[in-house]
S.K.: 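Structure incoming, see below.
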Amino acid sequence: MDTIKAEVHDILKKAIHAAVAAGDLSIAEVPDIPFSPTKTPEHGDVATPIALGLAKQARMAPRKIAEIIVAHINLDAHPTIRQIDIAGAGFINIHLADNWLHDTLQTITEMQSAYGTCDKGAGKHVQIEFVSANPTGPLNIVSGRAAAVGDTLVNLLNTIGYKAIREFYVNDAGGQVQRLGESIDIRYRQALGEEGLEIPEGGYQGEYLREFGQTIADTEGNVYLQLGTKERVATFRDKGIAHILEQQKKSLERFGVNFDVWSSEKAIRESGKPEEIVRVFRENGCLYEAEGATWFRMTDFGDDKDCVVIKSDGEYTYFVPDAAYHRDKFDRGFTTVVDLLGPDHQGHITHLKNLVKALGMPDDWLEVFIIQQVNLVDAEGKRSDMSKRRGQFLTLDDLIDELAETVGEQFAVDVARYFFLMRSNNTHLDFNMELAVTHASENPVFYIQYAHARCCSIFEQGDEQGLAPKPIEEVSLKRLTEPMEHELIRKLAEFPSAVLLSAEAREAHRVVHYLHELAGIFHPYYNQHRVLDPADIEKTYARLILIQSVQRVLKNGLTLLGISAPTSM
RNA sequence: GCGCCUAUAGCUCAAUUGGAUAGAGCAACGGACUUCUAAUCCGUAGGUUGCAGGUUCGACUCCUGCUAGGCGUGCCA
């Protein structure tokens, strides 16, 4: 598709230049030629609104311009183009010759799992940082959504030629983990029978810490009571971080997400980089002292308030290690860095960008996206709130457990990933547990998987009937004459550009929709036309090639999303 | 108060970044299994794209002002 588009692009450009040279068209310069979607077959295979765009410059009616451009195309010289129409307000609709369709099938057959890849991002290194949940509790559902999106984005970027990695930033330093230590301390002492204790304000109430405290008490007894409070809390903090991080890793692995790099905030703080960052900020005049603290001039970057970077007690606020961490990313040589943040970090985006700017990194080097919140919706459609602090929330593991009860472990992961990926990043996602569990069979993910399974089933049946696929060279693809076959191949040809668009926009949901559309053409085709037809062997072989291609694209697409492609259902 | 996000069919969401008649899935209604898997298909119905202006050949998309909801908002990350 991309090569054919390039070819058509070239032909149109030459035609416009020829029209200008001949004096038929008077325009200062030829803009880039855009392509518009062709929603119906009548609009051809490739369409462009270029004539509409030139109307103002050329001071001519769009349809007239389209006619002039088309008049300068010699159809005989371009066998790939079967027919050119001018339609609507002045759209140029191009119908391609059938051998283009055959070339598409040829390409898919040759490339197999590589179909959809390109080298657009060759030589560029991208880091995607996502999840990065505090090591203070089990991963919640928003983290699950971020995990699915980040994981898929990395797949997409690698597919279009980037070298992309998954990175998790562990916030294992600072106030939050301090309160984790304090909370575990309370639970531990409670487990040993101490009474009148309460989790302090801002601490973690969750049941998981009660269990953890109990486990420590059971296995190690009261040895920690001999330590001073400060030392004991610090010990529990470190034990807690290690324990919870391990749980988080397990959850992510179960969800099919494997990070390439785990970074530690503690390590960053101890690396000397924060001091260096502060020095640079100070030298650049970004800092000043007030009220016993050190402030960063966010207002110099257009923000309405300055921010404290060093507290009056001498500790850094999160801005310093965050800036140092991004400096670290830059020093590691990434051409682009993508941060996927949770919904409660919206205000942090501009701060982060300002800090990075103050460190002299290019404006477009850092991309920040918010993965919006996930609302759990119950049977009545009522939204339930999630608060980690209050300890009432559904974890990613709970979600998969619950789905697995009905559809099994593998499909549970598939369904959860699909749900998380089906919406654009910054829309709030309503996750209807009841629907996902009780109406599992109506879930859209099965629609796509079922299409794949049906393809597999055809080959199984074919084998039994002695109708195994033949090599494409020995098949007469001209036998694919049905309009639906034409439509199917057009959709297959779109796959690489769907992947490219999705990756460049950092929007994984586009691939989901693409696959759903592909399945939406395949199922009706399957219903109306028999592939295996012993009465017409030639047609059967041609259709088997088509089905192989559909199966291949479905599988490649599902693999990008981390969703399985079952051979039977 | 200020900043960011969101508002599209009864519900949940798309719309290739300004293009042709705004599309899917649920839910509703009516049909199709002696034929490669009915987790499927075919059909019907459903809209002033929150409101009011503006920009232009053309607006769900961009600009301004409203309205409603969510998140955030100087020593948490």
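In the text below, chain A, chain B and the rest are named by the order of the sequence lines, each starting its count at 1.
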S.K.: OP1 or OP2 of B/rA38 less than 4.0 angstrom from a side-chain nitrogen or oxygen of A/Arg454, does that happen here?
M.R.: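 Yes, such a contact exists.
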S.K.: Looking only at side chains, do A/His326 and A/Asp339 share a donor and an acceptor under 3.5 Å apart?
M.R.: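 Their side chains do contain a donor-acceptor pair, which is all the 3.5 Å distance test asks for.
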S.K.: When you check the glycosidic angle of B/rU17, does it come out syn, meaning within 90° of 0, or anti?
M.R.: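 That one's syn.
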S.K.: Using a 4.0 Å heavy-atom cut-off, does A/Gln465 contact any base of the nucleic acid, only the sugar-phosphate backbone, or nothing at all?
M.R.: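 Touches nothing.
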S.K.: Using a 6.0 Å cut-off, check whether atom NZ of A/Lys555 has over 12 heavy atoms from anything other than its own residue.
M.R.: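 Atom NZ in A/Lys555 is not packed in, count stays at 12 or less.
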S.K.: Quick one: is A/Arg269 getting a side-chain N or O under 4.0 Å of the B/rA77 phosphate, OP1 or OP2?
M.R.: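 Yes, such a contact exists.
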S.K.: If you measure from the C1' atom in B/rC33 to the same atom in B/rC42, how many Å do you get, rounded?
M.R.: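 Roughly 14 Å separates the two C1' atoms.
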S.K.: Check A/Glu182 with A/Arg179, please: is the shortest side-chain N to carboxylate O separation under 4.0 Å?
M.R.: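 No, this pair does not count.
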S.K.: Syn or anti for B/rC33? Use the chi torsion, O4'-C1'-N9-C4 for purines and O4'-C1'-N1-C2 for pyrimidines, with syn inside 90° of 0.
M.R.: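 This nucleotide is in syn.
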S.K.: Could you measure between the two C1' atoms, the one in B/rU8 and the one in B/rC13, and give it in whole Å?
M.R.: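 About 9 Å, rounded to a whole number of Å.
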S.K.: Is a side-chain donor or acceptor of A/Asp306 paired with a backbone partner of A/Met298 at a separation under 3.5 angstrom?
M.R.: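 Yes.
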S.K.: Do the side chains of A/Lys329 and A/Glu167 get close enough for a salt bridge, i.e. N-O under 4.0 angstrom?
M.R.: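 No salt bridge links A/Lys329 with A/Glu167.
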S.K.: What integer number of Å spans the C1' atoms of B/rU61 and B/rU56?
M.R.: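 Comparing C1' positions in B/rU61 and B/rU56 gives a spacing of 14 Å.
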S.K.: To the side chain of A/Phe446, which of B/rA39, B/rA15, B/rA77 is closest?
M.R.: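 Out of B/rA39, B/rA15, B/rA77, the nucleotide with an atom closest to A/Phe446's side chain is B/rA39.
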S.K.: Of all residues at least two apart in sequence or in a different chain, which pass the salt bridge (charged side-chain N to carboxylate O under 4.0 Å, His left out) check with A/Lys120?
M.R.: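 For A/Lys120, the residues satisfying salt bridge (charged side-chain N to carboxylate O under 4.0 Å, His left out) (neighbours in sequence not counted) are A/Glu504.
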S.K.: Could you go step by step and tell me if A/Asn171 and A/Tyr318 meet the side chain to side chain donor-acceptor pair (under 3.5 Å) rule?
M.R.: CA-CA 10 Å; A/Asn171 300 117; A/Tyr318 57 91; over 6 Å; no
S.K.: What pairs of nitrogen or oxygen atoms, one from the protein and one from nucleotides 42-44 of chain B, lie under 3.5 Å apart?
M.R.:
none

S.K.: Once you apply a heavy-atom cut-off of 4.0 Å, does A/Ser312 come out as touching a base, just sugar-phosphate, or nothing?
M.R.: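 A/Ser312: base contact, heavy atoms under 4.0 Å.
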S.K.: Describe, in one word, how the ring planes of A/Trp295 and A/Tyr288 are oriented to each other, choosing from parallel (under 30°), tilted (30 to 60°) and perpendicular (over 60°).
M.R.: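 The rings of A/Trp295 and A/Tyr288 lie parallel, inter-plane angle below 30°.
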S.K.: Just to be sure I understand the rule, does A/Glu265 reach a base, reach only the sugar-phosphate, or reach nothing, if contact means heavy atoms closer than 4.0 Å?
M.R.: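 Here A/Glu265 touches the backbone only, sparing every base.
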S.K.: On the nucleotide B/rA14, are OP1 or OP2 found under 4.0 Å from the side-chain N or O atoms that A/Ser424 carries?
M.R.: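 Answer is yes, contact under 4.0 Å.
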S.K.: Between B/rA14 and B/rA24, how many Å separate the two P atoms, rounded to a whole number?
M.R.: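 Roughly 16 Å separates the two P atoms.
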S.K.: Distance from A/Glu291 atom CD to A/Lys311 atom NZ, nearest 0.5 Å?
M.R.: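 So the CD of A/Glu291 and the NZ of A/Lys311 are separated by 15.0 Å.
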S.K.: Starting from C1' on B/rA77, measure out to CD on A/Gln176 and report it in whole angstrom.
M.R.: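 So the CD-C1' distance, A/Gln176 to B/rA77, works out to 5 Å.
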S.K.: Indicate, yes or no, whether a donor-acceptor pair under 3.5 Å links the base of B/rC5 to the side chain of A/Gln346.
M.R.: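 Answer is no: no donor-acceptor pair is held.
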S.K.: Sticking with atom P, work out how far B/rA59 lies from B/rU55, rounded to a whole angstrom.
M.R.: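 The answer is 12 Å between these two P atoms.
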S.K.: Looking only at side chains, do A/Gln449 and A/Asp414 share a donor and an acceptor under 3.5 Å apart?
M.R.: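 The criterion, which ignores hydrogens and geometry beyond distance, is satisfied for A/Asp414 and A/Gln449.
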S.K.: What protein N or O atoms touch nucleotides 19-25 of chain B N or O atoms at under 3.5 angstrom, if any, and at what distances?
M.R.:
residue: B/rA20; atom: OP2; partner: A/Lys39; partner atom: NZ; Å: 2.7
residue: B/rA20; atom: N6; partner: A/Asn93; partner atom: OD1; Å: 2.7
residue: B/rA20; atom: N1; partner: A/Asn93; partner atom: OD1; Å: 3.0
residue: B/rA20; atom: N1; partner: A/Asn93; partner atom: ND2; Å: 3.0

S.K.: Could you write out each protein N or O paired with an N or O of nucleotides 7-9 of chain B at a distance under 3.5 Å?
M.R.:
none

S.K.: Could a donor-acceptor pair under 3.5 angstrom be found where the side chain of A/Tyr450 meets the base of B/rA39?
M.R.: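 When only heavy-atom distances are counted, A/Tyr450 does not reach the base of B/rA39 through any donor-acceptor pair under 3.5 Å.
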S.K.: Heavy atoms only, 4.0 Å cut-off, all strands: where does A/Ala453 land among base, sugar-phosphate and nothing?
M.R.: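 Counting heavy atoms under 4.0 Å across all strands, the contact made by A/Ala453 includes a base.
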S.K.: Does A/Phe319 or A/Asp344 map to a spot on RNA chain B nearer the 5' end, using the closest nucleotide for each?
M.R.: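 So the residue in question is A/Asp344.
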S.K.: Regarding A/Ser502 and A/Glu507, do their side chains bring together a donor and an acceptor under 3.5 Å, going by distance alone?
M.R.: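 Per modelled atom types, A/Ser502 and A/Glu507 side chains form no pair under 3.5 Å.
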S.K.: Take atom NZ of A/Lys470 as the centre, draw a 6.0 Å sphere, and report whether it contains more than 12 heavy atoms from other residues, nucleotides or ligands.
M.R.: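 Yes.
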S.K.: To the nearest Å, give me how far apart CH2 (A/Trp295) and C1' (B/rC75) are.
M.R.: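 Spelled out: CH2 on A/Trp295 to C1' on B/rC75 is 7 Å.
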S.K.: Roughly how far apart, to the nearest Å, are B/rG46 and B/rG23 at atom P?
M.R.: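 To the nearest whole Å, 14 Å.
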S.K.: Decide, yes or no, whether a salt bridge links A/Lys491 with A/Glu487 under the criterion of side-chain N to carboxylate O below 4.0 Å.
M.R.: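 A/Glu487 and A/Lys491: not salt-bridged.
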S.K.: Please give, in whole Å, the distance from B/rC75 C1' to A/Tyr318 OH?
M.R.: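 Nearest whole value for this atom pair: 10 Å.
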S.K.: According to side-chain hydrogen bond (donor to acceptor under 3.5 Å, both in side chains), does anything in residues 523-532 of chain A pair up with another residue at least two apart or in another chain? List the pairs.
M.R.: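 Output for this query lists A/Arg454-A/His523, A/Glu485-A/Tyr525, A/Tyr525-A/Arg543.
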S.K.: Let me know the distance between NZ of A/Lys56 and P of B/rC57, rounded to the nearest Å.
M.R.: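 That distance rounds to 5 Å.
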S.K.: Figure out the CG/P separation between A/Asp339 and B/rC4, and round it to whole Å.
M.R.: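 Taking CG of A/Asp339 and P of B/rC4, I get 20 Å after rounding.
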S.K.: With a 4.0 Å cut-off on heavy atoms, is A/Ala451 in touch with a base, just the backbone sugar-phosphate, or nothing at all?
M.R.: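 The residue A/Ala451 makes no contact with any strand.
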S.K.: At less than 4.0 Å, is any side-chain N or O atom of A/His345 found next to OP1 or OP2 of B/rC5? Yes or no.
M.R.: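 Answer is no, no contact under 4.0 Å.
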S.K.: Could you go through the side chain to side chain donor-acceptor pair (under 3.5 Å) check for A/Asp322 and A/His348 one step at a time?
M.R.: CA-CA 11 Å; A/Asp322 258 19; A/His348 193 41; 2.8 Å; yes
S.K.: Which sits closer to the 5' end of RNA chain B, A/Pro321 or A/Asn425, going by the nucleotide each is nearest to?
M.R.: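 Residue closer to the 5' terminus by nearest nucleotide: A/Asn425.
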S.K.: Can you tell me which stems involve RNA chain B, if a stem is defined as three or more consecutive Watson-Crick or G-U wobble pairs, both distances under 3.5 Å?
M.R.: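 RNA chain B stems, ordered by first number: B:1-7 with B:67-73, B:10-13 with B:23-26, B:28-32 with B:40-44, B:50-54 with B:62-66.
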S.K.: Using a 4.0 Å heavy-atom cut-off, does A/His351 contact any base of the nucleic acid, only the sugar-phosphate backbone, or nothing at all?
M.R.: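 Result for A/His351 = nothing.
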S.K.: Does A/Asp172 reach the main-chain N or O of A/Lys266 with its side chain, forming a donor-acceptor pair under 3.5 Å?
M.R.: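 Such a contact is found between A/Asp172 side chain and A/Lys266 backbone.
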S.K.: Whole angstrom is fine here: how far is it from CD in A/Glu507 over to C1' in B/rC13?
M.R.: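 After rounding, the gap between these two atoms is 14 Å.
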S.K.: Send over the distance from A/Ile241 CD1 to B/rA77 C1', rounded to a whole Å.
M.R.: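 Distance check: A/Ile241 CD1 to B/rA77 C1' gives 13 Å.
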S.K.: Taking the P atom in each of B/rC63 and B/rC5, what is the distance between them to the nearest angstrom?
M.R.: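 Looking at atom P only, B/rC63 and B/rC5 are 10 Å apart.
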S.K.: Rounding to the closest angstrom, what is the interatomic distance between B/rU21 and B/rG58 at atom P?
M.R.: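 Those two atoms are separated by 14 Å.
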S.K.: Distance alone, cut at 3.5 Å: any donor-acceptor contact between the side chains of A/His9 and A/Asp32?
M.R.: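 A/Asp32 and A/His9 do have a side-chain donor-acceptor pair below 3.5 Å.
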S.K.: Taking only the side-chain heavy atoms of A/Asn527 (C-beta and beyond), determine which of B/rU35, B/rC41, B/rC5 contains the nearest atom.
M.R.: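 Among B/rU35, B/rC41, B/rC5, the one nearest the side chain of A/Asn527 is B/rC41.
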S.K.: Rounded to the Å, how far apart are A/Leu355 CG and B/rA77 P?
M.R.: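 After rounding, the gap between these two atoms is 13 Å.
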